[in-house]
Amino acid sequence: QVQLVESGGGSVQTGGSLRLSCAVSTYTDRIVSMAWFRQAPGKEREGVAVIYAGTHSTYYADSVKGRFTISQDNAKNTAYLQMNSLKPEDTAMYYCAAEWTGGSRYPPEANAFRYWGQGTQVTVSS
């Protein structure tokens, strides 16, 4: 069973930075697509950033372009989300997802990812 464990969330002020990490617990020699989604109270889960295996193409939601960067260290089976210039509207639970199974790439669909982490809270205060 593949498990994803997120870390790095927390509380910051507007303009601050955080780096989220997503460690994949099970070793795999396959390079899989990794993604970050977020969900704020009362809102639908939103795809924030994705890095697709093979093409290494990336997707970013318009709201985070230029501020967030997704990366993947295959040797460590870990994905990262560097978040800079954080805004109060970035406040949400952030979820890591792995292994894209198909469908829309831009934007990604939550139900297209096979594995999910438990989430890490990010709170940005003004």
Could you give me the CA-CA distance, side-chain angles and deciding distance for V24 and V2, then say whether side chain to side chain contact (heavy atoms under 4.5 Å, CB included) is met?
CA-CA 7 Å; V24 182; V2 175; 3.8 Å; yes
Identify, with sequence neighbours excluded, every residue that meets salt bridge (Lys or Arg N to Asp or Glu O under 4.0 Å) alongside [X].
X    : answer
E6   : none
K65  : D62
R114 : E99
R67  : D90

Can you sort out the partners of [X] under side-chain contact (heavy atoms from CB on, under 4.5 Å), two or more places apart, ordered by chain and number?
X    : result
Q82  : S17, R19, T69, N84
V122 : L18, L20, M83, Y94, V124
Q72  : I31, M34, I51, N74

Are Y80 and V48 connected into the same hydrophobic cluster when the rule is that any two of I, L, V, M, F, W, Y join if their side-chain heavy atoms are below 4.5 Å apart?
no
With no hydrogens and no angle check, is any side-chain donor or acceptor of [X] less than 3.5 Å from a backbone partner on [Y]?
X    : Y    : answer
T101 : A112 : yes
T120 : G9   : yes
S25  : Q3   : yes

What closest approach, in Å, do [X] and [Y] show between heavy atoms, and which atom pair accounts for it?
X   : Y    : result
V32 : A53  : C-CB, 3.7 Å
G47 : P108 : CA-CG, 4.2 Å
K43 : Q39  : O-NE2, 3.1 Å

Salt bridge (Lys or Arg N to Asp or Glu O under 4.0 Å) pairs touching residues 44-53, sequence neighbours excluded, are R38-E46
Output for pair (K87 NZ, S63 OG), nearest 0.5 Å, gives 8.0 Å
For Y59, the other hydrophobic cluster members (4.5 Å side-chain criterion, sorted by chain and number) are F37, V50, Y52, M93, Y95, W100, Y106, F113, W116
Other than V5, what residues sit in its cluster of Ile, Leu, Val, Met, Phe, Trp and Tyr side chains whose heavy atoms are under 4.5 Å apart, directly or through others?
none
Do Q13 and L86 have side chains that get closer than 4.5 Å, going by heavy atoms?
no
For residues 40-98, the disulfide bond (SG atoms under 2.5 Å apart) pairs (sequence neighbours left out) are C22-C96
Can you list every pair that meets disulfide bond (SG atoms under 2.5 Å apart) and has a residue in residues 52-90, with sequence neighbours left out?
none
Using a 6.0 Å cut-off, check whether atom CD of Q118 has over 12 heavy atoms from anything other than its own residue.
no
